Amino acid sequence: MWYVIHTMSGLEQKCMQQCQEYIDETAYHEMFIPIYKTKKHFKKEWHEVEKPLFPGYLFVDTDEIEPIMTGLKKFRQYTKLLKDGDVISPVKKEEQDLVLYGSGDREFHFHYANDFGG
């Protein structure tokens, strides 16, 4: 099941690195940050950039959430598991499918079409 870890926006990658350092890798199947690719105009040219699809969030696929909770307590980075009331709730199957099949690839890269140059 997927669970969502909330952290500070802009620190998703740093948080994921710390999670991978402090949480036993056998406690989860994978940890990821869905990203999207878009174009940004700077230095007089259009450049492809990658941004988090859900700023401030990363996902962990695990069968047991307790080792993840324990690992999150081991470092200072602001983190908390997303809850529904007082219960840590996994991402629903339909929502997982939206991320999996909406991205078009297993790396969770989304591509937005736009009419901006390039």
Side-chain angles (χ1 to χ4, degrees):
M1 289 192 276
W2 289 3
Y3 292 88
V4 180
I5 299 171
H6 181 226
T7 188
M8 294 175 63
S9 182
L11 298 178
E12 300 88 1
Q13 194 66 40
K14 181 179 179 182
C15 180
M16 187 165 76
Q17 289 169 346
Q18 288 185 338
C19 286
Q20 290 169 337
E21 181 180 336
Y22 289 102
I23 298 172
D24 183 357
E25 65 184 34
T26 62
Y28 59 91
H29 304 290
E30 69 181 319
M31 196 172 291
F32 60 94
I33 302 167
I35 62 166
Y36 71 95
K37 292 182 181 183
T38 189
K39 294 194 180 205
K40 186 173 182 178
H41 192 261
F42 58 92
K43 295 186 180 180
K44 300 181 183 181
E45 293 183 19
W46 287 99
H47 301 269
E48 191 171 87
V49 294
E50 293 183 347
K51 295 184 176 192
L53 185 62
F54 306 107
Y57 297 94
L58 61 120
F59 293 71
V60 61
D61 182 1
T62 184
D63 296 325
E64 294 185 44
I65 196 61
E66 290 79 19
I68 307 302
M69 291 175 13
T70 302
L72 291 176
K73 293 176 184 176
K74 293 180 182 177
F75 59 94
R76 295 180 158 266
Q77 177 75 34
Y78 165 78
T79 58
K80 66 179 181 178
L81 285 159
L82 217 55
K83 295 182 179 182
D84 185 5
D86 291 335
V87 178
I88 297 170
S89 57
V91 176
K92 295 175 184 169
K93 176 74 170 114
E94 305 83 49
E95 295 166 335
Q96 286 183 27
D97 290 345
L98 181 64
V99 172
L100 280 172
Y101 303 116
S103 68
D105 67 33
R106 189 66 185 138
E107 295 297 317
F108 307 105
H109 289 92
F110 289 77
H111 303 271
Y112 281 94
N114 60 36
D115 295 326
F116 305 115

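Predicted, not measured: the structure shown is a model, and the values here were computed from it.
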Would you mind writing out the side-chain donor-acceptor pairs for residues 86-95 within the sub-3.5 Å range, not counting sequence neighbours?
{"unit_1": "Lys93", "atom_1": "NZ", "unit_2": "Asp97", "atom_2": "OD1", "d": "2.8"}
{"unit_1": "Glu95", "atom_1": "OE1", "unit_2": "Lys92", "atom_2": "N", "d": "3.1"}

Show me the side-chain donor-acceptor pairs of residues 15-23 shorter than 3.5 Å, one per line, residues at least two apart or across chains.
none

Expected list for residues 3-14: side-chain donor-acceptor pairs under 3.5 angstrom, two or more places apart:
{"unit_1": "His6", "atom_1": "ND1", "unit_2": "Tyr78", "atom_2": "OH", "d": "3.4"}
{"unit_1": "Thr7", "atom_1": "OG1", "unit_2": "Gln77", "atom_2": "NE2", "d": "3.2"}
{"unit_1": "Thr7", "atom_1": "OG1", "unit_2": "Tyr78", "atom_2": "O", "d": "2.8"}
{"unit_1": "Glu12", "atom_1": "OE1", "unit_2": "Gly10", "atom_2": "N", "d": "3.3"}
{"unit_1": "Glu12", "atom_1": "OE2", "unit_2": "Gly10", "atom_2": "N", "d": "3.1"}
{"unit_1": "Glu12", "atom_1": "OE2", "unit_2": "Gly56", "atom_2": "N", "d": "2.5"}

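Applying the side-chain hydrogen bond (donor to acceptor under 3.5 Å, both in side chains) criterion to His29, with sequence neighbours excluded, gives Asp63. The side-chain contact (heavy atoms from CB on, under 4.5 Å) search around Glu25 returns Tyr28, not counting sequence neighbours.
Connectivity analysis of hydrophobic side chains (ILVMFWY, heavy atoms under 4.5 Å, direct or indirect) links Val49 to Phe42.
Residue-environment remark: CD (Glu66) exceeds the threshold of 12 foreign heavy atoms within 6.0 Å.
Under a 4.0 Å N-O distance rule, the pair Lys37/Glu50 qualifies as a salt bridge.
Ring geometry for Phe32 against Phe59 counts as parallel: the plane angle stays under 30°, on a 0 to 90° scale with 60° as the upper cut.
No side-chain heavy atom of Tyr57 sits under 4.5 Å from any side-chain heavy atom of Pro52.
Under the side chain to side chain contact (heavy atoms under 4.5 Å, CB included) rule, Glu45 has a single partner from His41, Lys43, His47, which is His47.
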